[in-house]
2 protein chains.
Amino acid sequence: MTTPDEVRWLTADQLRAWVGLLSVAELLPAALDSQLRRDAGLTHFDYQVLAMLSEAPGRSLRMTTLAQRTSATLPRLSHVVERLEGRGFVVRTPDPDDARATRAYLAEPGWDTLVAAAPGHVVNARALVIDALTDEQVSQLESITGALLARLDPEDRLARRG
Amino acid sequence: MTTPDEVRWLTADQLRAWVGLLSVAELLPAALDSQLRRDAGLTHFDYQVLAMLSEAPGRSLRMTTLAQRTSATLPRLSHVVERLEGRGFVVRTPDPDDARATRAYLAEPGWDTLVAAAPGHVVNARALVIDALTDEQVSQLESITGALLARLDPEDRLARRG
DNA sequence: CGACTTTGCTTGTACTGTCAACTTTTCGCC
DNA sequence: GGCGAAAAGTTGACAGTACAAGCAAAGTCG
């Protein structure tokens with residue numbers, strides 16, 4: 001496990017892109033959290049959990065699947081779902097097919113909250129990201145994030161929808 | 001403060017780019033934290049603080065300036081610098097020119113820690129991001145993040161380097 | 001030149017996320 | 001079919017962050 005004598009530092013161009021990406025990765029989640037907490041009483045992660053459940057057949061998913069679709073660790077998801085269940089937004093039941101597994105169901109209050117929050121969230125997503133880019137840049141961004149996720153998530157567990 | 005009757009939902013292309021960006025924003029900080037904590041005992045945010053100080057004249061910056069350069073809120077920075085000071089990496093002193101302001105200085109142990117951590121961090125940055133992209137994509141990424149930061153950080157407080 | 005506002009930072013509390021350990025169920029296999 | 005290993009979640013302790021409040025110094029202005 002030796003390290004090379006000479007480090008390949010970043011060029012000026014690479015450094016600008018790197019710093020830009022770090023800043024976006026820092027500021028975007030904060031901006032999304034801020035809007036959703038203010039207008040809907042939800043974390044952005046809460047929103048993603050509810051959204052993924054709402055799109056799933058039977059409005060229900062196994063915890064592991066849900067964790068993959070939200071890019072989250074299982075302990076984190078477990079805690080969040082516990083809180084959402086306490087608010088009546090979600091219900092957890094053991095999976096009949098596999099007694100180890102837990103299925104999370106989107107309850108009616110959770111659905112209503114999501115439906116109420118969605119328009120504002122989309123407006124925010126457009127204002128901060130989509131409408132700030134040209135169609136070409138949106139396409140480039142899709143390619144770039146695809147390449148990055150291949151490194152960040154080698155098993156490619158998430159991203160595969162349906 | 002009325003909302004439009006019809007929401008402009010995202011197209012399929014836009015949605016893929018959006019989801020990709022969200023995933024990257026979720027996974028990249030976690031991956032950077034993980035490597036730096038394991039190999040250097042530093043948070044990625046700790047690293048950024050030390051790095052910004054190391055590049056500043058006199059290895060010193062005012063807290064507000066440091067907060068801007070690290071995309072952080074002031075309370076967050078204050079807590080982090082408190083811990084770094086406890087470890088002997090940083091020293092805080094009142095600014096002689098403005099008694100309200102605090103200047104943070106990078107101390108020798110902090111410098112040494114940073115120098116030891118930098119090569120591994122750059123290797124990681126290349127492995128996860130830079131080397132995953134073509135030169136053209138790096139250039140595109142710089143433009144895209146520039147456009148996004150204009151929305152996320154309208155006052156353009158950060159990003160302007162020394 | 002004294003009240004008022006603004007700026008710069010710190011502090012305390014509450015919440016969120018992480019990590020390691022643990023329980024329970026299922027799978028692989030001789 | 002019984003034993004070891006892996007998988008699925010949960011839990012509890014701890015670290016890190018956000019938010020709101022507070023305090024002190026500096027600027028402003030009648």
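Every chain is numbered from 1 and lettered A, B, ... according to where its sequence line falls, protein lines coming before strand lines.
For Gln140(B), there are no side-chain hydrogen bond (donor to acceptor under 3.5 Å, both in side chains) partners two or more places apart in sequence or in a different chain. Remark: Asp95(A) engages Arg103(A) in a salt bridge (Lys or Arg N to Asp or Glu O under 4.0 Å) (not counting sequence neighbours).
A salt bridge (Lys or Arg N to Asp or Glu O under 4.0 Å) check over residues 26-38 of chain A, counting only residues at least two apart or in different chains, returns the pairs Glu26(A)-Arg76(B).
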Atom pairs and distances, side-chain donor-acceptor, residues 43-51 of chain B, under 3.5 Å, sequence neighbours left out:
| unit_1 | atom_1 | unit_2 | atom_2 | d |
| --- | --- | --- | --- | --- |
| Thr43(B) | OG1 | Asp46(B) | OD2 | 3.3 |
| Asp46(B) | OD2 | Thr43(B) | N | 3.0 |

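What separates CD of Glu82(B) from P of dT11(C) is a distance of 6 Å, to the nearest Å. As a whole-Å value, the separation of Gln68(A) CD from dA8(D) C1' is 12 Å. Summarising the geometry, the separation between CZ on Arg38(B) and P on dC19(C) is reported as 11 Å, rounded to the nearest angstrom. Distance Arg62(A) CZ to dT25(C) P: 15 Å, rounded to the nearest Å. Across the protein-nucleic acid pair, His44(A) atom NE2 and dT16(C) atom P stand 15 Å apart, rounded to whole Å. One interatomic measurement links the two molecules: CG of Leu84(B) to P of dT10(C), which rounds to 13 Å at whole-angstrom precision.
Taking a 4.0 Å limit (strictly below) on heavy-atom distances, residues 86-95 of chain B reaches DNA chain C at Arg92(B).
When the side-chain nitrogen and oxygen atoms of Thr102(B) are compared with OP1 and OP2 of dT10(C), one or more of them lie within a distance under 4.0 Å.
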The contact string for nucleotides 14-27 of chain D, one letter per nucleotide 5' to 3', using protein heavy atoms under 4.0 Å with B, S and - for base, sugar-phosphate only and none, comes out as --SBBBB----BS-
